[in-house]
Amino acid sequence: MNYEKIINIAVIAHVDAGKSTLVDAFLKQSHVFKDNEKVVDCVMDSNDLERERGITIYSKNCSVQYKDYKINIVDTPGHADFSSEVERIIRTVDTVILLVDSSEGPMPQTRFVLQKSLEIGLRPILLINKMDKPDARADQVIDEVYDLFLDLNATDDQLDFPILYGVARKGIVRYNFDDENEDIVPLFETILHHSQAYPDLREEPLQMQICALAYDDYIGRLGIGRIYSGTMKPAVTYTVCNADGKNTPGKTNQVFVYKGLSRIATDEAQCGEIVMISGIPDISIGDTICPQGTAEPMPMISIEEPTLSMNFMVNDSPFAGQTGKFVTSRNIRERLEKELEVNVGLKVEETDSTDTFKVSGRGELHLTILLEQMRREGYEVAVSRPEVILKKIDGVTNEPVEEVVCSVPNEYSGTVIGALNIRKGMLQDMEDEGSYTRITYLVPTRGLIGYRTDFINSTHGEGTMVQRLYGYEPWKGDIPQRENGALISTETGGAMTYALWNIQERGQLFIGAQTPVYEGMIIGVSAKNMDMGVNPIKNKKMTAVRSTGNDEAMKLVPPKIMTLEEAIEFINDDELVEVTPTDIRIRKKYLTALDRRRHARELGKIEEEA
């Protein structure tokens, strides 16, 4: 087997900085695609949800050839909720390309991904992207990046990073933006000079660590990782060293390497290569694979703990089972267990009820992406309001706190500051950016649940808000929940225009005419701070129809159609979101008014006794 020069790189950045677009440029200029092949934008975002939302959710690998080097490229997510993907994959690379927007500068998530890179000793390459923006301010952004490196205790070697300028959308990277090249050759050359090819350690004993998992319906569980020394072959028995200190034999079935966007089976994979292996059914994150009879485990990969949990319950509403194929607790348990095989940032626990599972993740987006995937696969489930996961530190109850950076038009800054203060936030920084104000806050995660919709409304859709986990701080006290009450249906049937026309004066509706409703279903938000029972199926009596044609035309205000994220943000502790393949409904936990009163009395007695 001829030795191949291999360099592994990861593209890291805040969300929307242009990571996937840069990977597109790598692939196109390396002639991975045929001349007649139709190429979509962000080709690495192959998942339907990634395409719809325009974000990267899963880390993915591809490779390109430049001169006599094979460059394996890892595209990483930018959202803090998927940071467990970044934490693991960053260990398999030789260097990282840090992408920073030429006008936005370093954002909260930039700090997180850069910190992980610096901790394991990587020397980043800085690429200032989107240089064609009219408000590009590259010099100030570079100063901000230097400040960030110093803040993260970068070494002198890490501070001596090369700086490139580019427009990833056009496939251009330059040493100076005044240069005239129309390709990304400067980036390729910088990678070769800045990061040496992996040393030839083929004669050493095998050492490979699993950093990611995948699943294939035909060949089962797949382990993805880097070979640090030696070579790996299919159909060979190795020793698997796991987190418990146990060493068990495991036989590989196939060994895959990446070529372009494809994974191809190989007879032998060399050190330095990122490979995917099949055949070991119980392989897990952090496991080290060594030659049979020897055990030299590598340091385990630590994954940060979840910060938010939700209860996933069997859907027991009157409309349960009408559209979903998988509705039982056994179906839900099997699906969550399958998710645990590949989603290591997730945690699933049993509860006192056999119909309820406590699912914990890194944030709302992390959990709602899972719910969205489940409903598309035909599952029905009811979910509760998210709750933060508390920690006891030195006997004191601590809760997760997030750093929030808001960029809002100047006239709305006061509204945003007031709202974040009510949510127990602490102002850290405030900067004037022309017609916009950049506000940095530390806010308890509890306070941010349900705030994003309010933020969009209060800034008239012109503000942007990004957040990252800052750490744990002592409990901040009670934070007010939703101020407005709910419009609750008191009947079951089809909603009528006549009834909705009268109800819409009392608040904003979530449903339109002819929508099926049931008792206890929330059909809108009340204009007052109290719940209100309404009858949406009441129709006009035929005897009241006048023959003179003087009736008012009943025009309904278009309803607010709630997305899954908006519904989960909206609900209070006594409410649930019913998620089905075709509908997202909001309901009370207790459907009848009598049950709700009875439960409120029981709750009052418990509080009195306490």
Side-chain angles (χ1 to χ4, degrees), residues 8 10 44-47 49-50 56-62 72-77 79 81-93 116 206-228 232 234 238-244 246 248-258 261-263 265 269 273-290 297-306 333-348 359-362 366-367 369-370 373-374 377:
N8 295 341
M44 292 287 278
D45 291 343
S46 51
N47 183 283
L49 272 176
E50 291 179 317
T56 303
I57 297 171
Y58 307 104
S59 292
K60 286 178 282 300
N61 302 58
C62 66
N72 285 316
I73 304 168
V74 183
D75 185 18
T76 61
H79 274 280
D81 288 28
F82 309 115
S83 53
S84 59
E85 294 277 324
V86 181
E87 289 175 73
R88 292 175 284 117
I89 213 73
I90 213 84
R91 291 174 173 270
T92 66
V93 300
K116 294 297 174 189
L206 171 70
Q207 220 181 16
M208 175 206 171
Q209 188 169 39
I210 301 298
C211 66
L213 299 172
Y215 191 83
D216 188 290
D217 290 336
Y218 298 101
I219 55 180
R221 197 168 187 173
L222 301 165
I224 303 166
R226 184 175 199 172
I227 302 172
Y228 291 91
M232 175 167 270
Y238 295 101
T239 296
V240 181
C241 311
N242 59 30
D244 303 329
K246 295 178 182 175
T248 56
K251 185 177 180 181
T252 56
N253 185 8
Q254 288 175 289
V255 177
F256 300 95
V257 295
Y258 293 94
L261 289 166
S262 308
R263 68 175 196 219
E273 185 72 89
I274 294 177
V275 297
M276 180 184 281
I277 61 170
S278 67
I280 306 175
D282 54 352
I283 199 149
S284 188
I285 298 291
D287 288 358
T288 306
I289 299 175
C290 304
M298 298 183 70
M300 284 304 295
I301 299 173
S302 61
I303 304 296
E304 289 190 19
E305 291 292 310
R333 178 186 282 106
E334 287 173 356
R335 178 63 182 83
L336 292 174
E337 286 172 355
K338 181 182 173 186
E339 186 68 22
L340 285 174
E341 293 202 342
V342 294
N343 194 340
V344 295
L346 203 69
K347 188 176 177 184
V348 178
V359 182
S360 307
R362 292 298 297 270
H366 189 192
L367 296 171
I369 288 287
L370 170 60
Q373 287 172 330
M374 287 176 67
E377 292 166 15

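What you see is a predicted model, and the numbers here were worked out from it, not measured in a lab.
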*What are the two closest heavy atoms between S360 and L367, and how far apart are they?*
C-CD2, 4.1 Å

_Spacing of CZ belonging to R221 relative to CD1 belonging to I280, to within rounding of 0.5 Å_ = 11.0 Å

*Just by distance, do the side chain of D287 and the backbone of V240 share a donor-acceptor pair under 3.5 Å?*
no

*Side-chain donor or acceptor of T288 paired with backbone N/O of M298 under 3.5 Å*: yes

*asked:* Do R226 and M208 make a side-chain contact, defined as non-hydrogen atoms from C-beta onward lying under 4.5 Å apart?
replied: no

*Which atom names give the shortest non-hydrogen contact between M276 and Y258, and what distance separates them?*
CE-OH, 3.3 Å

*Report the C-alpha distance between V74 and V93 in whole Å, list the side-chain angles of each, state the deciding distance to 0.1 Å, and finish with yes or no for side chain to side chain contact (heavy atoms under 4.5 Å, CB included).*
CA-CA 8 Å; V74 183; V93 300; 4.1 Å; yes

_I need the minimum non-hydrogen distance between R263 and I219, along with the two atoms involved._
NH2-CD1, 3.9 Å

*Is there side-chain contact between V275 and I227, with heavy atoms separated by less than 4.5 Å?*
yes

*Can E339 and R335 be counted as an ion pair, charged N to O under 4.0 angstrom?*
yes

*Any donor-acceptor pair under 3.5 Å from Q209 side chain to P299 backbone*: yes

_Separation between CG of N242 and OG1 of T248, rounded to the nearest 0.5 Å_ = 6.0 Å

*What closest approach, in Å, do S278 and F256 show between heavy atoms, and which atom pair accounts for it?*
OG-CE1, 4.4 Å

*Do you know the tightest heavy-atom contact between L346 and H366?*
N-CE1, 4.0 Å

*To the nearest 0.5 Å, how far apart are CG in N8 and OG1 in T92?*
6.0 Å

_For a 4.5 angstrom cut-off between non-hydrogen side-chain atoms, does I224 reach I210?_
no

*Taking all atoms of both residues into account, what is the closest heavy-atom pair of P234 and V255, and its distance?*
N-CG2, 3.7 Å

*Would you mind reporting whether L370 and L336 have side-chain heavy atoms less than 4.5 Å apart?*
yes

*Can you find a heavy atom in the side chain of C211 that is under 4.5 Å from one in the side chain of R91?*
no

_Quick check: do I283 and I289 have side-chain heavy atoms less than 4.5 Å from each other?_
yes

*Test side chain to side chain contact (heavy atoms under 4.5 Å, CB included) applied to M232 and L206, step by step*: CA-CA 7 Å; M232 175 167 270; L206 171 70; 3.7 Å; yes

